[in-house]
Structure formats: C-alpha cells, structure tokens
Q: 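Could you have a look at this structure, given as structure tokens, before my questions?
Everything numeric in this text was worked out from a predicted model, so none of it was measured.
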Amino acid sequence: MNGDANDDHAPKRMNSLEDRNAIVESALDEAIRRGDFDDLPGLGRPLSGLHNSEDPDWWIKQKMEREDMSGVAPAAFQLRKESAVLEDTLDAFTRETDVRDYLAGFNARVRAAVMDLREGPPVFTPPRDVEKEVAAWRERRSDSERAADRAEEPTNGDGAETPPSPRRRWWSFRRG
C-alpha cells in the first residue's frame with residue numbers, strides 16, 4: 001500500500017529520448033497556458049545576430065555587450081588587454097604615486113595569474129618594470145606639456161611668434 005502512494009508522487013524515470021521530449025513539451029505547454037511567456041522583451045521580433053555569424057557564442061557576446069559586462073574573461077586575456085592599453089591608462093594619472101600604485105597592482109595581478117594553474121590559458125603577459133614605466137610616463141608627460149605650451153604660444157597674426165612679455169620677478173614685489 002505504501003508503495004502505491006509513493007509511486008504517484010515519485011518523479012518518472014526518463015528511459016528514452018521520446019520520454020524526455022514528451023516531458024519537455026508538456027512543461028512548455030503548461031508554461032504557455034499559465035502565460036509565463038507573455039510580455040517577454042523582444043516578443044514577435046527575430047533574434048538579432050542569429051543567422052549572420054559563424055560564432056557559436058554570438059548570443060553570450062551580444063549579452064555581454066548589451067549589459068556592458070567586463071571582467072569575465074580568463075585572467076590571461078584580461079591581462080593581455082590591460083597590458084595593451086597600459087600606457088593610455090598610466091597617462092590618465094596626474095601623480096607619480098598613483099602610477100606606481102597602479103603598476104604594483106598590475107604586477108600583483110600578473111603574478112597571481114601565473115601562479116594560478118587551475119584553469120584558463122597560460123599567461124604570457126610579463127610584469128612591468130615599475131622604474132622604467134614611471135620614467136616613460138614622465139617623458140610622455142613632459143612631451144605633452146611641451147606640446148601644450150607650444151600650442152598656447154601667442155602669434156602676431158602672420159604665424160610668427162610674438163616675443164613674450166617681460167615677467168616681473170618675485171623679489172620685485174616688496175611689501176611696504
């Protein structure tokens with residue numbers, strides 16, 4: 001008697017592909033009757049990108065782009081991308097301590113990824129030499145400052161530079 005009561009509520013075993021398909025179809029039919037698929041975004045419109053890509057992961061890449069998701073790639077890819085734009089990232093900093101802190105963090109992420117052998121592709125991105133990168137940052141910064149100074153130099157209309165006006169020295173300002 002107990003065996004008959006438990007058989008009614010026990011999940012069915014799926015013995016064949018037809019049994020599985022029948023269960024899935026019945027679940028879909030029930031969801032349609034309940035209205036679970038009503039008012040979904042994109043209702044009645046074709047899926048974009050479905051037929052114009054050979055990439056099997058087109059849908060997840062599209063979702064990541066739409067949701068502005070980043071940081072879900074393996075560490076090797078993230079570090080390679082970060083290394084490619086490292087100079088631009090460093091140039092956005094105005095203080096040398098910020099540059100040094102960022103480089104220390106970058107090098108720590110590279111070392112951690114190299115030591116993590118659990119998954120993902122191998123890491124080929126080398127740590128950066130902090131002193132060389134700081135020196136290069138200083139050079140780029142001074143070059144851009146010189147270029148900005150040249151762009152701000154006044155001209156007299158015919159393209160020739162006007163002589164700078166004489167500057168007053170700090171010691172010539174005396175308090176009385």
Side-chain angles (χ1 to χ4, degrees), residues 1-130 132-134 136-137 140-141 144 147-148:
M1 282 194 224
N2 280 344
D4 293 333
N6 288 340
D7 289 341
D8 293 340
H9 293 79
K12 289 184 176 180
R13 272 189 85 141
M14 295 181 270
N15 295 328
S16 67
L17 184 59
E18 290 86 22
D19 292 342
R20 292 180 190 153
N21 287 344
I23 291 171
V24 169
E25 287 294 327
S26 67
L28 284 172
D29 290 339
E30 287 177 28
I32 290 170
R33 274 195 300 275
R34 285 191 311 261
D36 291 349
F37 299 121
D38 296 345
D39 301 323
L40 289 176
L43 181 67
R45 288 179 282 167
L47 294 175
S48 62
L50 183 60
H51 297 293
N52 47 343
S53 177
E54 296 295 321
D55 186 8
D57 297 328
W58 65 269
W59 60 275
I60 191 69
K61 290 177 183 175
Q62 194 175 62
K63 175 76 172 173
M64 289 174 62
E65 183 178 316
R66 186 172 55 245
E67 299 291 328
D68 194 28
M69 294 169 60
S70 63
V72 293
F77 297 147
Q78 288 178 354
L79 290 170
R80 191 178 314 157
K81 183 177 180 181
E82 188 177 352
S83 180
V85 295
L86 189 68
E87 287 182 2
D88 295 335
T89 304
L90 295 179
D91 289 346
F93 294 117
T94 56
R95 296 184 339 200
E96 183 175 325
T97 56
D98 294 336
V99 172
R100 288 181 181 278
D101 290 343
Y102 184 83
L103 287 168
F106 175 79
N107 287 342
R109 287 189 299 278
V110 168
R111 287 186 193 96
V114 168
M115 298 304 289
D116 185 15
L117 302 174
R118 291 176 296 181
E119 60 184 48
V123 178
F124 295 113
T125 305
R128 298 291 185 108
D129 182 349
V130 175
K132 285 182 182 178
E133 292 296 331
V134 168
W137 173 78
R140 288 190 306 271
R141 191 166 169 80
S144 65

Q: Measuring from Gln78:CD to Thr125:OG1, what's the distance to the nearest 0.5 Å?
A: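 Result: 11.0 Å between the selected atoms.
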
Q: Could you list the donor-acceptor pairs under 3.5 angstrom formed between side-chain atoms of residues 27-36 and any protein atom two or more places apart in sequence or on another chain?
A:
{"unit_1": "Arg34", "atom_1": "NE", "unit_2": "Asp36", "atom_2": "OD2", "d": "3.2"}
{"unit_1": "Arg34", "atom_1": "NH2", "unit_2": "Asp36", "atom_2": "OD2", "d": "2.7"}

Q: Can you tell me if CD on Glu87 sees more than 12 non-hydrogen neighbours from other groups inside 6.0 Å?
A: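 It does not: Glu87 CD has 12 such atoms or fewer within range.
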
Q: Determine, for Tyr102 and Arg109, whether the Lys NZ or Arg CZ falls below 6.0 Å from the six-membered ring centre while staying within 45 degrees of the axis.
A: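 Flagged: Arg109 positioned over aromatic ring of Tyr102.
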
Q: Please report the C-alpha distance between Arg141 and Asp91 in whole Å, then the side-chain angles of each, then the deciding distance to 0.1 Å, and finally whether the side-chain contact (heavy atoms from CB on, under 4.5 Å) criterion is met.
A: CA-CA 7 Å; Arg141 191 166 169 80; Asp91 289 346; over 6 Å; no

Q: Sort out for me which residue in Thr89, Val130, Asp98 forms a side chain to side chain contact (heavy atoms under 4.5 Å, CB included) with Leu103.
A: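 Answer after filtering Thr89, Val130, Asp98: Val130.
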
Q: Taking all heavy atoms of Pro121 and all of Ala76, pick out the closest pair and write down the distance.
A: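 Taking every non-hydrogen atom into account, O-CB, 3.7 Å.
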
Q: Is a side-chain N or O of Trp137 found less than 3.5 angstrom from the main chain of Val99, in a donor-acceptor match?
A: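 Judged by distance alone, no pair lies under 3.5 Å.
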
Q: Can you confirm whether more than 12 heavy atoms, excluding those of Glu67, are under 6.0 Å from its CD atom?
A: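 Yes, because the 6.0 Å sphere around CD of Glu67 holds more than 12 heavy atoms from other groups.
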
Q: Report yes or no: does Arg111 contribute a side-chain atom to a donor-acceptor pair with the main-chain N or O of Pro127 at less than 3.5 Å?
A: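 Not confirmed, Arg111 side chain does not pair with Pro127 backbone.
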
Q: Rounded to the nearest 0.5 Å, how far does CD of Glu133 lie from CG of Leu90?
A: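 Rounded to the nearest 0.5 Å, the CG-CD separation comes to 6.5 Å.
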
Q: Using side-chain contact (heavy atoms from CB on, under 4.5 Å), reason through Leu79 and Phe106 one step at a time and then give a plain yes or no.
A: CA-CA 8 Å; Leu79 290 170; Phe106 175 79; 4.2 Å; yes

